[in-house]
Visitor: 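I'd like to ask some things about the structure below.
Here is the naming used below: chain letters follow the sequence lines, and residue numbers restart at 1 for every chain.
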Protein chains: 2
Amino acid sequence: MSVRLRPIQALRLWQEVGLSMVRRNAVDLTQRQMVILLTIYLEPPPHTVRGLAAKLGVTKPVITRALDAMGELDLVSRRRDPADRRNVIIQRTVRGSLFLDEFSDRVVEAAGALAP
Amino acid sequence: MSVRLRPIQALRLWQEVGLSMVRRNAVDLTQRQMVILLTIYLEPPPHTVRGLAAKLGVTKPVITRALDAMGELDLVSRRRDPADRRNVIIQRTVRGSLFLDEFSDRVVEAAGALAP
DNA sequence: GAAAGATGATACGGATGTGAAACGATCGGA
DNA sequence: TCCGATCGTTTCACATCCGTATCATCTTTC
C-alpha cells in the first residue's frame with residue numbers, strides 16, 4: 001500500500017534525516033549527486049552520462065563531475081561500453097550499495113519515530 | 001501513529017523528491033541550509049546562531065553564511081535581540097513558510113504515489 | 001575512405017561553501 | 001570602571017560546483 005504522510009511529518013522526517021547526515025560528517029553528497037546515485041541504484045541499467053543528464057535536466061558535465069566525485073568515494077564505477085566505445089556504462093559498487101542501505105535504514109527509523 | 005516505510009520505499013521517496021527539486025531548478029538549498037530552515041520552522045523560538053551551530057555540529061560562520069543566503073532569498077530574517085544586543089534572533093518569513101508548505105506537499109504526494 | 005554526427009571529458013570563468021582565525025560590539029562580574 | 005567572556009560577523013585560503021564552449025574519440029552515413 002502507499003505511504004500516508006502528513007505535511008508536518010514530512011518536514012520532520014526531512015529535518016531528522018538531514019540532521020543525522022550533517023552531524024555524522026561522513027559522506028557529504030550534493031542533492032544532485034544523491035539523485036544520481038539513487039537513480040543508478042533504483043532504475044534498471046544501463047545508465048549513461050547522457051541518459052542521466054536528460055533525466056535530471058542538467059548538462060553533461062554535471063554528470064561527469066558527479067561521477068568523478070562519487071567514483072573517488074567508490075560509490076559508483078565506470079567502464080567503456082565494448083559495443084559502442086563512445087558510451088560509458090555506469091555501474092554500482094559494493095560500497096555504494098552499503099551506503100544506500102544504511103541511508104534507507106536511517107530514513108525508515110526516523111519515519112517510525114515520527115509523532116502521530 | 002508513526003509512519004511505516006520500507007527501505008526501498010525510503011530510497012524511492014528520496015529520489016522522487018530530489019528529482020523534482022533538481023528539475024524545477026528553483027530554490028537550490030544546500031543540505032545544511034535545508035536543515036537550518038527546517039529547524040527554524042519546526043522548533044520553538046528563539047533561534048540563535050550559536051544554538052543552531054551547536055545543534056547541527058558546525059561552526060558559527062556556517063550558520064551566518066547560510067542565513068545570508070536564505071535571507072537574500074527572503075526565506076528567513078534576522079534582527080538583534082533588544083534584551084541582549086549581542087544575540088541575533090532568527091525569524092520566519094511568509095515566503096519561507098510558503099516554500100516549506102510547497103515542499104511538504106511534494107513529499108506527501110510522492111509518498112502517496114509509492115508502490116507497495 | 002571521408003565527412004558528419006554522437007558521446008563523454010576537459011578548460012575556463014564565475015559563483016558559492018567550508019574551517020580556522022581574528023575582529024568589533026556587547027554584556028557582566030570583580 | 002575595567003577587563004574578561006560571549007556573540008555574531010568578517011577575512012583568508014582553499015575546495016567544489018555550475019554552465020558554456022571546446023576537445024578527442026568513436027560511429028554512422030554517403
Side-chain angles (χ1 to χ4, degrees), chain A residues 18-19 21-40 45-91, chain B residues 18-40 45-92:
Chain A
L19 197 54
M21 300 277 283
V22 170
R23 303 194 78 146
R24 282 180 186 271
N25 202 23
V27 183
D28 186 26
L29 297 183
T30 300
Q31 190 176 41
R32 298 180 179 201
Q33 292 175 343
M34 191 64 177
V35 172
I36 293 170
L37 188 65
L38 285 167
T39 300
I40 294 169
H47 300 286
T48 64
V49 171
R50 139 187 123 276
L52 290 171
K55 181 171 184 68
L56 273 71
V58 297
T59 59
K60 288 190 295 179
V62 170
I63 307 296
T64 294
R65 283 180 300 240
L67 294 178
D68 287 345
M70 292 191 291
E72 196 69 27
L73 296 171
D74 197 26
L75 297 176
V76 300
S77 73
R78 283 184 278 196
R79 67 176 181 80
R80 283 281 165 188
D81 180 357
D84 184 340
R85 293 183 47 75
R86 289 173 303 182
N87 290 343
V88 161
I89 306 295
I90 298 147
Q91 297 176 300
Chain B
L19 197 54
S20 76
M21 300 278 282
V22 170
R23 302 196 77 146
R24 282 179 186 270
N25 201 24
V27 183
D28 186 26
L29 297 183
T30 301
Q31 190 176 41
R32 298 179 179 200
Q33 292 175 344
M34 190 66 177
V35 173
I36 292 170
L37 189 64
L38 286 166
T39 300
I40 294 169
H47 299 287
T48 64
V49 171
R50 146 186 119 275
L52 291 171
K55 181 170 184 66
L56 273 72
V58 298
T59 59
K60 289 189 295 178
V62 170
I63 306 296
T64 293
R65 284 180 299 239
L67 295 177
D68 286 345
M70 293 190 291
E72 196 68 27
L73 296 171
D74 196 27
L75 296 176
V76 299
S77 73
R78 282 185 279 198
R79 67 177 180 80
R80 284 281 164 188
D81 180 358
D84 184 342
R85 293 183 48 75
R86 288 174 302 182
N87 290 342
V88 161
I89 306 295
I90 298 145
Q91 297 176 301
R92 307 166 186 175

Visitor: Need one value for Gln31(A): base, sugar-phosphate or nothing, where a base atom within 4.0 Å counts as base even if backbone is also close, heavy atoms only.
Guide: nothing
Visitor: Considering only dG17(C), dG19(D), dG8(D), which nucleotide approaches the side chain of Lys60(B) most closely?
Guide: dG8(D)
Visitor: Please state how far atom CD1 in Ile63(B) lies from atom C1' in dG8(D), giving the value in whole angstrom units.
Guide: 12 Å
Visitor: For dG17(C), take OP1 and OP2 only and decide whether either is under 4.0 Å from a side-chain N or O of Gln33(B).
Guide: yes
Visitor: Specify the separation, in whole Å, of atom CZ of Arg65(A) and atom P of dT16(D).
Guide: 13 Å
Visitor: When rounded to the nearest 0.5 angstrom, what is the spacing between OG1 in Thr39(A) and CE in Met34(A)?
Guide: 10.5 Å
Visitor: According to side-chain hydrogen bond (donor to acceptor under 3.5 Å, both in side chains), who are the partners of Thr48(A), at least two apart in sequence or on a separate chain?
Guide: Arg50(A)
Visitor: How many angstroms lie between CD1 in Ile40(A) and CG in Leu52(A), if you round to the nearest 0.5 Å?
Guide: 5.5 Å
Visitor: Would you kindly give the CG-to-P distance between Asp68(A) and dT16(D), to the nearest whole Å?
Guide: 12 Å
Visitor: Calculate the interatomic distance between Ile36(A) atom CD1 and dC17(D) atom P; express it in whole Å.
Guide: 10 Å
Visitor: Between atom CE in Met34(B) and atom C1' in dG17(C), what is the gap in whole Å?
Guide: 18 Å
Visitor: When you check every protein heavy atom under 4.0 Å of nucleotides 21-30 of chain D, what one-letter string (B, S, -) results, 5' to 3'?
Guide: B----BS---
Visitor: Rounding to an integer number of Å, can you tell me how far Arg32(B) CZ sits from dT16(D) P?
Guide: 14 Å
Visitor: Could you tell me whether the side chain of Ile89(B) reaches within less than 4.5 Å of the side chain of Arg80(B), counting heavy atoms only?
Guide: no
Visitor: Under the side-chain hydrogen bond (donor to acceptor under 3.5 Å, both in side chains) test, which residues partner Asp84(A), sequence neighbours left out?
Guide: Arg86(A)
Visitor: About how many Å separate CG of Asn87(A) and CZ of Arg79(A), when rounded to the nearest 0.5 Å?
Guide: 11.0 Å
Visitor: So which heavy atom on Gly18(B) is nearest to which on Val35(A), and how close?
Guide: C-CG2, 3.5 Å
Visitor: List the atom of Arg85(A), the atom of Pro82(A), and the distance in Å for their closest heavy-atom pair.
Guide: CG-O, 4.0 Å
Visitor: Which one, dC7(D), dA9(C), dT10(D), comes nearest to the side chain of Thr64(B)?
Guide: dT10(D)
Visitor: Short of 4.0 Å, heavy atom to strand atom, which residues of residues 71-78 of chain B count as contacting DNA chain D?
Guide: Arg78(B)
Visitor: In Å, rounded to the nearest 0.5 Å, how long is the span from CD of Gln31(B) to CG of Leu19(A)?
Guide: 10.0 Å
Visitor: Between side-chain atoms of residues 58-75 of chain B and protein atoms elsewhere (two or more places apart, or another chain), which donor-acceptor pairs fall under 3.5 Å?
Guide:
residue: Arg65(B); atom: NE; partner: Pro61(B); partner atom: O; Å: 3.4
residue: Asp68(B); atom: OD1; partner: Arg78(B); partner atom: NH2; Å: 2.3

Visitor: Could you give the distance from NE2 (His47(B)) to NZ (Lys55(B)), rounded to the nearest 0.5 Å?
Guide: 9.5 Å
Visitor: Report the distance from atom CZ of Arg79(B) to atom P of dG8(D), rounded to the nearest whole Å.
Guide: 13 Å
Visitor: With the side chain of Asn87(B) defined as its heavy atoms from C-beta on, choose the nearest nucleotide among dC17(D), dT18(C), dG8(D).
Guide: dG8(D)
Visitor: Distance check needed: dA15(C) C1' versus Asp28(B) CG, whole Å only.
Guide: 12 Å
Visitor: Search all heavy atoms of Leu56(A) against all heavy atoms of Arg23(B) and return the closest pair with its distance.
Guide: O-CG, 3.8 Å
Visitor: Scan residues 45-55 of chain A against DNA chain C and write down, sorted by residue number, each residue with any heavy atom closer than 4.0 Å; if none is found, say none.
Guide: Thr48(A), Val49(A), Arg50(A)
